[in-house]
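I have placed the structure first, in the form of structure tokens, so that the comments after it can refer back to it.
The residues of the chain are indexed from 1 along the displayed sequence.
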Amino acid sequence: NMADTAPDTQRHPEFVIQEQSEGEEERVEPEDVPYAKCRWDFFLSHKQSNAQDAVQNLRLALSERFLGASFWLDIEQDPTVRGMCNGVSYSRNVLIFLTEGITE
């Protein structure tokens with residue numbers, strides 16, 4: 001069981017959301033989320049244009065290894081910056097699938 005070895009709460013770094021229209025940054029404070037209240041087991045981060053198929057395969061492999069695992073994946077959730085911040089805050093694990101251009 002993945003929850004057996006987890007801390008009671010997790011803290012993520014402060015998220016900064018760029019407001020394109022006004023050029024000002026909006027700061028979103030991370031939440032201290034009790035581990036047991038996380039909605040997803042895995043947040044899968046990737047660059048959609050060159051890793052979507054690979055991440056779907058990763059999800060399948062993780063689903064076979066961790067039966068009943070839940071996933072935050074942009075094609076199924078809110079893909080906005082605010083939605084992704086929420087996904088990270090409420091996920092037990094964050095996996096980053098690194099490919100060319102992910103930091104752009």
Side chain proximity check, [X] to [Y], heavy atoms < 4.5 angstrom:
X	Y	answer
Gln52	Asp74	no
Phe43	Arg92	no
Phe71	Ser91	no
Leu60	Glu64	yes
Leu44	Ile96	no
Asp53	His46	no

If only atom types and distance count, is the side chain of Ser70 paired as donor or acceptor with the main-chain N or O of Asp41 below 3.5 Å? yes

Ring geometry between Phe66 and Phe42 (parallel below 30°, tilted from 30 to 60°, perpendicular above 60°):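 Plane angle between 30° and 60°, so tilted.
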
The side-chain hydrogen bond (donor to acceptor under 3.5 Å, both in side chains) partners of Thr80 (sequence neighbours excluded) come to Asp78

Could you tell me which residues satisfy side-chain hydrogen bond (donor to acceptor under 3.5 Å, both in side chains) with Arg59, sequence neighbours excluded, listed by chain and number?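 For Arg59, the residues satisfying side-chain hydrogen bond (donor to acceptor under 3.5 Å, both in side chains) (neighbours in sequence not counted) are Glu76.
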
What heavy-atom pair brings [X] and [Y] nearest, and what distance separates the two atoms?
X	Y	result
Val33	Cys38	CG1-SG, 3.8 Å
Gly83	Trp72	O-CZ2, 3.8 Å
Phe97	Ala54	CZ-CB, 3.5 Å

Using 0.5 Å steps for rounding, measure from the OG atom of Ser89 to the NZ atom of Lys37. 15.0 Å

Under the side chain to side chain contact (heavy atoms under 4.5 Å, CB included) test, residues paired with Leu67 that sit two or more places apart: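 Side chain to side chain contact (heavy atoms under 4.5 Å, CB included) list for Leu67, sorted by chain: empty.
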
